Amino acid sequence: MTGPRAGVRQPTFYNTLGRHLEAFEPLEPGVAKVYTCGPTVYNTVHIGNLRTFLFEDLLRRSLRFLGYQVTQVMNLTDVDDKTIRGAQEAGVDLDTYTAPYIDAFFADLDTLGAERAEAYPRATEHIAQMIAMIERLVERGFAYEKDGSVFFRIASDEDYGRLSGFDLEQVRQGERVASDEYGKEDVRDFVLWKGAKPDEPTWDSPWGPGRPGWHIECSAMSTEYLGETFDIHCGGVDNIFPHHENEIAQTESATGKPFVRYWLHSEHLIVDGDKMSKSLGNFYTLRDLLDKGVDPRALRYLFLSVHYRQKLNFTFDSLDACGAALKRLDELRFRLEHAVEKGPSRPAVAGACEELVAGFGEALAEDLNTSRALAVLFGFAKTINRAIEGREMGTGDVARAQAALAEVDTVLGVLDPSRWPAVGESTGPSDDEIQDLVDRRNAARADRDWGAADRLRDELVALGIVLKDTPDGTVWRRGS
Ligand code: AMP
Ligand code: ZN
């Protein structure tokens with residue numbers, strides 16, 4: 001059996017194949033092998049693409065949190081129609097053209113705090129594997145050569161359409177065919193190898209010079225790195241058809257084995273009801289947002305706050321709300337740093353820490369329910385804030401609470417501002433955070449809760465803040 005090993009919590013994922021929630025049982029217990037379709041590096045990715053890449057970052061971090069060892073592979077599509085056209089227009093070779101976009105892609109991942117996958121294979125470096133797979137398909141009768149190109153014979157695959165529910169009969173013979181695909185036996189067949197055209201980069205093959213089609217790139221690279229059958233394959237929902245459907249058809253026909261066990265797809269980032277896309281022109285790059293002063297930490301939080309299978313409507317207001325939520329969490333962090341421990345450790349604090357880690361893990365195990373995981377975190381923040389204000393933190397409780405936060409941050413990756421240099425507030429509390437403490441102290445005084453007011457004053461003094469109560473209210477300054 002392939003059930004979870006000790007210490008591993010078994011998650012449930014929504015599998016696009018079969019369209020249902022399914023308990024995750026990897027081929028090898030405790031190990032998750034994940035392939036994620038990467039960017040086409042013909043220009044800078046937009047934040048819609050980044051939503052999908054950060055969903056995949058969430059998946060790998062969650063699997064690890066739940067006890068799995070993760071191997072994630074993400075391809076870089078550095079040869080296809082768009083990269084070739086871009087290189088031709090710029091008058092440079094393919095590598096020169098794609099190099100800055102590959103660098104920009106990794107810079108964006110770093111800016112958003114995404115972890116690196118274990119491998120980023122490039123299509124141009126795996127042409128031999130693609131040719132080998134196409135040869136197998138031709139030998140087994142699933143593909144045929146025509147005028148230097150090779151096509152997948154869709155009529156040979158009885159199961160075609162099982163991922164997307166696509167009905168082959170709906171695509172009729174005689175429909176318009178792309179100009180470079182005349183000669184197909186059947187209009188529904190798709191290209192595996194494109195025969196050479198003038199001025200295009202080419203590689204030698206048994207069918208003459210040419211280049212691979214897009215779909216075969218992912219089949220060849222995923223099986224090369226993860227095996228002919230592996231656990232999870234991801235992408236955005238627009239990848240389901242035809243890309244992933246074709247990947248299944250060609251890989252299973254070539255190997256005779258099941259290809260992927262769990263297909264996970266993230267929904268789109270949308271703008272006013274439309275998918276954010278280059279072709280609609282309704283997109284922002286991460287650079288656009290940084291130039292507008294957007295905090296990348298708030299964008300990461302925004303992606304986490306909405307379940308990956310829901311459409312996310314992008315607005316600046318929602319980014320502001322995420323910034324405010326982060327402020328509350330920052331405040332908890334710095335109050336913990338300055339909290340005074342008194343007496344023995346409190347069972348209530350230890351209990352809250354255990355509940356945070358357990359509740360957070362349970363939420364993730366339910367198809368990555370991040371909104372619930374964040375609700376668990378805010379419940380914890382409330383409990384700990386109350387304990388600090390009530391002087392209910394005993395020996396070791398601060399470290400315990402900090403450790404629990406650090407543990408959930410292995411998935412969230414947003415709680416430690418010192419890892420986000422762009423935010424620029426890694427040296428102590430911000431003015432807003434201090435003002436918030438001053439306001440709380442004023443509220444306690446208004447309620448005649450002198451104990452709480454004094455404790456807040458102590459906390460402010462410990463932070464080096466000088467308070468002065470005047471007839472017009474409390475003013476403060478940072479001590480020298
Ligand atoms: P591409 O470079 O076009 O292959 O896209 C890279 C990834 O971004 C793919 O997994 C797409 O499914 C995904 N993607 C494209 N547009 C969006 C969007 N608006 N929201 C979320 N993901 C997207
Ligand atoms: Zn792919």
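When reading the values below, keep in mind they use all heavy atoms of this one structure, side chains included, and skip hydrogens, waters and symmetry mates. All residue numbers in this chain count up from 1 along the given sequence. Since we're looking at a predicted model, the values are computed, not measured. Both ligands and their constituent atoms are indexed starting at 1 by order of listing.
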Whether the side chain of N15 engages the backbone of R261 through a donor-acceptor N/O pair (distance < 3.5 Å, no angle test) should be reported.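 Answer holds: yes.
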Quick one: does any side-chain atom of H268 pair with a main-chain N or O of I270 as donor and acceptor, under 3.5 Å?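 Not at all, since once roles are kept as given, no pair shorter than 3.5 Å links the two residues.
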Reported CG-to-CZ distance for the pair D367 and R309, which is rounded to 0.5 angstrom: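 These two atoms lie 4.5 Å from each other.
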Quick check for you: to the nearest 0.5 Å, what is the distance between N385 atom CG and E331 atom CD?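 The distance works out to 6.5 Å.
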Looking at [atom], what's its closest protein heavy atom, distance included?
{"atom": "atom 11 (C) of ligand 1", "answer": "D238 OD1, 3.4 Å"}
{"atom": "atom 17 (C) of ligand 1", "answer": "H268 CD2, 3.5 Å"}
{"atom": "atom 20 (N) of ligand 1", "answer": "L269 N, 2.8 Å"}
{"atom": "atom 16 (N) of ligand 1", "answer": "K275 CE, 3.3 Å"}

Do [X] and ligand 1 have an N or O pair less than 3.5 Å apart?
{"X": "S277", "result": "no"}
{"X": "W214", "result": "no"}
{"X": "T52", "result": "yes"}

Non-hydrogen atoms of H46 versus ligand 1: any pair closer than 4.0 Å?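 True for this residue.
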In this structure, which one of L112, L326, L299 forms a side-chain contact (heavy atoms from CB on, under 4.5 Å) with V414?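 Only match with V414 under side-chain contact (heavy atoms from CB on, under 4.5 Å): L326.
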For [atom], which candidate among [options] holds the nearest heavy atom?
{"atom": "atom 21 (C) of ligand 1", "options": "C234, G48, G235, S279", "answer": "G48"}
{"atom": "atom 2 (O) of ligand 1", "options": "D80, T40, L54", "answer": "T40"}
{"atom": "atom 19 (N) of ligand 1", "options": "K278, E56, M276", "answer": "M276"}
{"atom": "atom 14 (N) of ligand 1", "options": "N282, N49, T77", "answer": "N49"}
{"atom": "atom 7 (C) of ligand 1", "options": "F303, F53, Y42, F283", "answer": "F53"}

Atoms of ligand 1, numbered as shown, that sit under 4.0 Å from any heavy atom of [X]:
{"X": "G236", "result": "10 (O), 12 (O)"}
{"X": "P39", "result": "2 (O)"}
{"X": "N239", "result": "9 (C), 10 (O), 11 (C), 12 (O)"}

Minimum heavy-atom distance H20-L17, with the two atoms named: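 So the minimum-distance heavy-atom pair works out to CE1-O, 4.4 Å.
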Are D330 and R297 close enough for a salt bridge, meaning some N to O gap below 4.0 Å?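 Counted as a salt bridge, because a side-chain N and a carboxylate O are separated by less than 4.0 Å.
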Ion pair check, D57 and R300, cut-off under 4.0 Å: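 Salt bridge between D57 and R300, a charged N being under 4.0 Å from a carboxylate O: yes.
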Any luck finding a side-chain donor-acceptor pair between E217 and H215 under 3.5 Å?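 The criterion, which ignores hydrogens and geometry beyond distance, is not satisfied for H215 and E217.
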Would you give the angle at the Zn ion (ligand 2) between C37 atom SG and C218 atom SG, to the nearest 10°?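 Vertex at the Zn ion (ligand 2): approximately 130°.
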Contact check: H244 to the Zn ion (ligand 2), N/O/S below 2.8 Å: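 It does not: H244 brings no N, O or S atom closer than 2.8 Å to the Zn ion (ligand 2).
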Within the stated cut-off of 2.8 Å, is an N/O/S atom of H215 closer than that to the Zn ion (ligand 2)?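 No, H215 does not qualify, because none of its backbone or side-chain N, O or S atoms lies under 2.8 Å.
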Please confirm whether F13 and Y262 have ring centers closer than 6.0 angstrom.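 They do not qualify: ring centres at least 6.0 Å apart.
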With a 6.0 Å cut-off on ring centres, are Y225 and Y35 close enough?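 Between Y225 and Y35, the centre distance exceeds or equals 6.0 Å.
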Atom CG of D199 with >12 non-hydrogen neighbours under 6.0 angstrom: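 No, because the 6.0 Å sphere around CG of D199 holds 12 heavy atoms or fewer from other groups.
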